[in-house]
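Letters A, B, ... mirror the listed sequences (proteins, then strands); counts begin at 1. Atoms considered below: every heavy atom in the structure, side chains included; atoms not considered: hydrogens, waters and symmetry mates.
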Amino acid sequence: MQADTTIERIGGYEGRPVTLTGWVQNRRSSGRIRFLVLRDGTGVIQCVFVKGEVSDAAFELADAVTQESSVAVTGLVRADKRAPGGHELTGTDLALISLAEPYPITPKEHGTEFLMANRHLWLRSSRQHAVLRIRSEIIKAMRDYLDDNDFVLGDTPILTPAACEGTTTLFPVDYFGEQVFLTQSGQLYNEAICAAVRKTYCFGPTFRAEKSKTRRHLMEFWMLEPEVAFLDLKGDMDLAEDLVAHTVARVLEKRRPELETLGRDIAKLEAVKRPFPRISYREAVDLLREKGRDIKPGDDFGAEDETLLGESHDRPVLVHRYPAAIKAFYMKRDPQDASLALAFDMIAPEGYGEIVGGSQREDDLATLETRIAEHRLPAEAFRWYSDVRRYGSFPHAGFGLGIERTVAWLTGVRHVRETTPFPRMLDKIYP
RNA sequence: UCCAGCGUAGCUCAAUCGGCAGAGCAUCCGGCUGUUAACCGGAGGGUUACAGGUUCGACUCCUGUCGCUGGAGCCA
């Protein structure tokens with residue numbers, strides 16, 4: 001069955017007959033009038049059926065059709081001030097495609113447990129629909145930005161032979177009798193790719209087997225990771241800042257109706273413009289101590305610290321030059337102070353936490369080999385990684401951006417589980 | 001893994017000091033010519049998570065198990 005058009009484009013059909021296919025979101029009746037709220041995946045429109053003006057069969061069907069049944073509605077498009085979307089359909093015919101069994105998600109309140117168990121159906125709700133559209137827009141905006149700035153999409157393996165960073169827990173996979181792991185970052189591979197194409201990025205799923213159970217964590221999440229040859233820490237921060245500012249602007253431009261559906265405070269997003277504040281780790285520690293936090297130089301930030309740092313600015317804040325001791329082995333040390341890593345985190349406002357983590361990479365072969373030994377990593381497994389320095393080493397930098405946290409921040413959704421269609425969570429993998 | 005809270009109808013929740021297990025929505029039947037989570041009348045719907053204990057009597061108190069929710073650590 002072919003729809004003439006979709007609800008999204010209904011404005012161009014005023015006064016004309018159309019056929020729409022979709023699902024019955026709700027149904028109301030009043031005497032000899034039947035109201036049928038149709039959802040077609042692009043929008044929602046109310047269809048009105050008046051007894052005597054449509055066939056008896058169509059009128060009775062409008063009364064009998066259940067929530068989420070799939071139907072084809074034919075009718076006349078009419079502008080109507082009473083309609084939430086500005087348009088209504090005066091129904092002339094109604095055909096049933098499939099009658100739905102009683103739908104579990106009624107137009108009333110539901111709890112998280114129930115909704116997550118029915119995630120495959122929950123996606124149909126207006127709120128989840130809006131989040132999915134914004135997620136798609138965010139990804140498109142970021143890829144457009146990178147593609148338009150001479151980046152080459154490289155893509156890195158999901159099955160990997162060893163830990164990238166050694167510290168976090170990995171999901172083991174049987175690879176023809178050999179134990180391998182699901183990737184937790186494409187970065188090391190990106191470093192090799194950027195020596196081929198100068199500017200590269202990968203975008204794909206990453207996996208962390210940590211037993212994290214917070215609103216900021218999923219076991220499986222998507223990460224965008226650019227890596228650029230001949231780039232230093234400052235350039236890396238410039239890139240992250242420009243990418244995020246560009247993405248926020250795009251979402252505001254293209255997905256304002258969805259932001260409004262979600263009740264997002266749009267003024268807060270409009271404030272997200274370059275430049276973003278940049279503070280050193282030491283300045284961040286001082287700021288937190290002023291706010292009464294018991295934190296000493298050298299400590300890593302906890303969730304509460306991150307929230308406080310994020311809330312002290314109206315746009316994302318970049319914290320740079322962390323103690324090397326709490327950062328990864330591949331990060332280059334600050335030439336001004338060898339105890340510091342040339343790393344930065346971007347912390348989103350409004351308590352959404354760290355959305356970007358990046359660094360300039362160690363490009364000196366001897367130093368890198370020392371670090372690998374210090375971290376008790378198997379040198380032979382990192383041979384290819386060392387080769388990137390052995391054959392024409394070059395300064396380079398990059399970062400990883402967590403898509404789900406970014407979507408949570410921009411949509412104003414509190415928990416990252418609503419930012420991806422089927423979240424993988426601790427001990428929960430259905431549906 | 002640790003800390004806290006919660007498990008009652010398909011869903012969201014009540015049930016006073018331990019004393020007859022209830023409401024709204026959903027479903028089914030009926031009514032209403034402009035409804036916006038429509039409304040009005042009626043009907044059906046229960047192993048109170050599970051196992052044990054205390055008691056004349058347990059949804060309620062105690063012990064254990066399981067599940068869920070929120071948070072911490074770790075991180076994006």
Side-chain angles (χ1 to χ4, degrees), chain A residues 25-37 44-53 59 62-64 66-68 78 80-85 88 90 100-118 121-122 125-126 164-165 167-170 183-187 205-225 240 299-307 326-328 345-348 351-358 399-409 414-417 419-420 425-428:
Chain A
Q25 189 173 75
N26 200 359
R27 159 177 66 90
R28 294 178 280 268
S29 68
S30 180
R32 298 159 70 82
I33 291 193
R34 301 285 179 265
F35 302 96
L36 200 145
V37 180
V44 168
I45 194 167
Q46 176 164 276
C47 308
V48 187
F49 295 87
V50 181
K51 192 172 175 68
E53 295 179 23
F59 187 79
D63 203 33
T66 53
Q67 186 188 354
E68 289 302 318
R78 183 165 46 73
D80 193 317
K81 285 197 294 273
R82 292 169 292 191
E88 266 192 2
T90 302
E101 292 181 21
Y103 192 65
I105 304 178
T106 59
K108 286 283 173 182
E109 289 173 28
H110 298 282
T112 303
E113 181 186 356
F114 175 78
L115 289 170
M116 285 309 300
N118 289 283
L121 302 176
W122 188 21
S125 73
S126 59
C164 288
E165 302 183 21
T167 52
T168 41
T169 322
L170 300 167
T183 183
Q184 60 175 349
S185 168
Q187 181 215 310
T206 37
F207 306 87
R208 305 276 165 94
E210 288 155 351
K211 302 223 167 185
S212 302
K213 193 174 167 293
T214 81
R215 66 193 182 92
R216 295 171 181 173
H217 289 87
L218 297 173
M219 304 301 107
E220 176 184 316
F221 65 97
W222 284 63
M223 190 153 66
L224 183 80
E225 296 179 274
D299 292 349
D300 207 351
F301 301 135
E304 180 66 23
D305 300 315
E306 233 176 48
T307 299
I326 57 170
K327 289 290 178 183
D345 285 350
M346 185 189 290
I347 298 167
Y352 286 93
E354 181 188 343
I355 54 172
V356 174
F399 59 84
L401 180 147
I403 292 293
E404 284 76 12
R405 286 188 185 175
T406 305
V407 176
W409 165 43
R414 188 172 158 73
H415 199 300
V416 290
R417 68 184 162 217
T419 64
T420 190
M425 295 163 60
L426 188 60
D427 296 326
K428 198 155 45 177

Assign [X] to base, sugar-phosphate, or nothing according to its heavy-atom contacts below 4.0 angstrom with the strands shown.
| X | result |
| --- | --- |
| A:S29 | base |
| A:E113 | sugar-phosphate |
| A:I403 | nothing |
| A:I33 | base |
| A:A83 | nothing |
| A:K213 | base |
| A:K428 | sugar-phosphate |

Phosphate contact (B:rA72 OP1 or OP2) by A:R215 side-chain N/O below 4.0 Å: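 Negative; the distance criterion is not met.
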Give the nucleotide from the list [options] with an atom nearest to the side chain of [X].
| X | options | answer |
| --- | --- | --- |
| A:R82 | B:rA76, B:rC74, B:rG34 | B:rG34 |
| A:M223 | B:rU36, B:rA76, B:rU1 | B:rA76 |
| A:R208 | B:rA38, B:rC75, B:rU69 | B:rC75 |
| A:K108 | B:rC25, B:rG34, B:rU69 | B:rC25 |
| A:T214 | B:rA72, B:rU36, B:rC75 | B:rA72 |
| A:R32 | B:rG10, B:rU33, B:rC68 | B:rU33 |
| A:L426 | B:rG34, B:rA76, B:rU1 | B:rU1 |
| A:H110 | B:rU35, B:rU12, B:rA72 | B:rU12 |
| A:P84 | B:rG71, B:rU36, B:rC25 | B:rU36 |
| A:R28 | B:rU33, B:rA76, B:rA38 | B:rA38 |

Donor-acceptor pair between A:E225 and A:S185 side chains, under 3.5 angstrom: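 Result is yes, a qualifying pair exists.
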Gap in Å between the two P atoms, one belonging to B:rU36 and one to B:rA43, rounded: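 Looking at atom P only, B:rU36 and B:rA43 are 25 Å apart.
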Result of checking A:R28, A:R82, A:Q25 against A:Q46 for side chain to side chain donor-acceptor pair (under 3.5 Å):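 Of the listed residues A:R28, A:R82, A:Q25, the side chain to side chain donor-acceptor pair (under 3.5 Å) partner of A:Q46 is A:R28.
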Watson-Crick or G-U counterpart of B:rG41, or none if no pair lies under 3.5 Å: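 Per the H-bond distance test, B:rC29.
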Counter-base of B:rG70, judged by Watson-Crick or G-U geometry with both distances under 3.5 Å: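 Across all strands, the one nucleotide that pairs with B:rG70 is B:rC3.
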Exam field: side chain A:Q67 to backbone A:Y103, donor-acceptor pair closer than 3.5 Å: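 Answer holds: no.
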Carboxylate-amine/guanidinium proximity below 4.0 Å for A:K428 and A:E113: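 Result for this pair is no, no salt bridge flagged.
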Stacking of A:F221 on B:rA76 base (centres under 5.5 Å, planes under 30°):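 Yes, A:F221 stacks on the base of B:rA76.
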Check: A:L218 and A:M425 side chains under 4.5 Å, non-hydrogen atoms: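 SC-SC contact between A:M425 and A:L218 confirmed.
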Within-4.5 Å side-chain heavy-atom neighbours: A:T169 and A:R208: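 With C-beta onward as the side chain, the pair stays apart.
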